[in-house]
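Below is one structure, written out as structure tokens; the observations come after it.
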Amino acid sequence: MAYQIAVDGPSGSGKSTLAKGVAKKLGIMYLDTGAMYRTCGLSALKKGIDPSDPVAVENMLQTMKLDIEFRDGIQHMILDGEDVTGMIRTPEVSMAASSISALPVIRNAMVDMQRKIASSQSFVIDGRDIASNVLPNAKYKFFVTASAEKRAERRLLELNNNGNFSQNYEEVLADIIKRDKQDSEREFAPLRQVPEAIVIDTSDIGIEETLETLLSYIKE
Ligand code: DC
């Protein structure tokens with residue numbers, strides 16, 4: 001029987017690293033839903049569309065072709081036939097993703113896809129609204145969090161490791177605070193911790209240790 005594990009939390013909390021680790025350990029698939037919103041954001045940027053304009057985005061969606069391919073368990077985002085996996089982690093795409101993900105027309109389309117994918121086989125799925133909206137019946141629900149400062153530190157390191165030096169620490173922190181606000185205050189399916197979620201704070205603990213803690217809740 002296919003089952004799902006929901007891992008929600010703000011950006012930079014370490015949720016994707018943890019979700020990936022859990023999927024590997026359990027030998028099941030991993031779906032990064034943020035990558036889907038990022039690809040929509042990239043699509044808007046490429047086409048010169050304002051990612052917060054509902055009418056323009058709805059029109060864009062009519063012709064946009066978004067596919068997800070899993071190759072050797074790695075998720076590839078295919079936008080209009082092009083593999084854009086390597087193009088969706090820039091600060092510009094992050095902000096566009098945050099704006100576009102607030103639009104119901106985008107969320108409905110992405111949530112439909114996510115539910116379809118998740119029902120096909122067992123998945124660990126990370127995002128913002130997985131437990132609260134996409135998969136309320138997920139077998140396990142985790143909420144991974146960390147202080148904004150710690151998340152900014154990690155994000156800066158990640159950008160630098162990818163050869164991106166376009167922002168300094170203060171700019172990364174300001175972006176994180178702005179995105180948190182946008183993601184948690186939006187009207188439609190905001191970032192929300194469900195009461196039954198197991199909360200994991202990664203501010204002061206290494207990822208390895210956190211992964212062990214998380215796995216200790218999963219008795220399979
Ligand atoms: O997790 P991430 O940073 O890659 O997510 C990119 C953006 O997408 C983020 O601003 C919030 C949004 N998002 C969302 O609204 N719902 C999800 N399930 C996943 C991401």
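Remember, it's 1-based here, ligands and their atoms both numbered in the order they're listed.
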Give the contacting part of R179 toward ligand 1: side chain, backbone, both or neither, where contact means a heavy-atom distance below 4.0 Å.
side chain

Which of the atoms of ligand 1 are close to G127, meaning less than 4.0 Å from one of its heavy atoms?
17 (C), 18 (N), 19 (C)

Can a non-hydrogen atom of R107 be found less than 4.0 Å from any atom of ligand 1?
yes

Do we see a donor-acceptor contact under 3.5 Å between the side chains of N164 and T90?
no

Output the list of atoms in ligand 1 that are nearer than 4.0 Å to some heavy atom of S101, sorted by atom number.
12 (C), 15 (O)

In this structure, are over 12 heavy atoms from other groups packed under 6.0 Å from E196 atom CD?
yes

Residue selection (non-hydrogen contact nearest atom 6 (C) of ligand 1) among K15, K178, R38
R38

Is D126 close to Y30 at the side-chain level, that is, under 4.5 Å between some pair of heavy atoms?
yes

Between R186 and ligand 1, which residue portion shows a heavy-atom distance shorter than 4.0 Å: side chain, backbone, both, or neither?
side chain

Below 3.5 angstrom, do we get any N/O pair linking S11 and ligand 1?
no

Would you check, one step at a time, whether the test side-chain contact (heavy atoms from CB on, under 4.5 Å) holds for R107 with D129?
CA-CA 10 Å; R107 299 207 72 83; D129 61 334; 2.9 Å; yes

Options D183, I88, I130, ranked by nearest heavy atom to atom 10 (O) of ligand 1, top entry
D183

Donor-acceptor pair between D8 and Q193 side chains, under 3.5 angstrom:
no

CD/E69 to CD1/I78 distance, rounded to the nearest 0.5 angstrom?
4.0 Å

N/O of D129 under 3.5 Å from N/O of ligand 1, yes or no?
yes

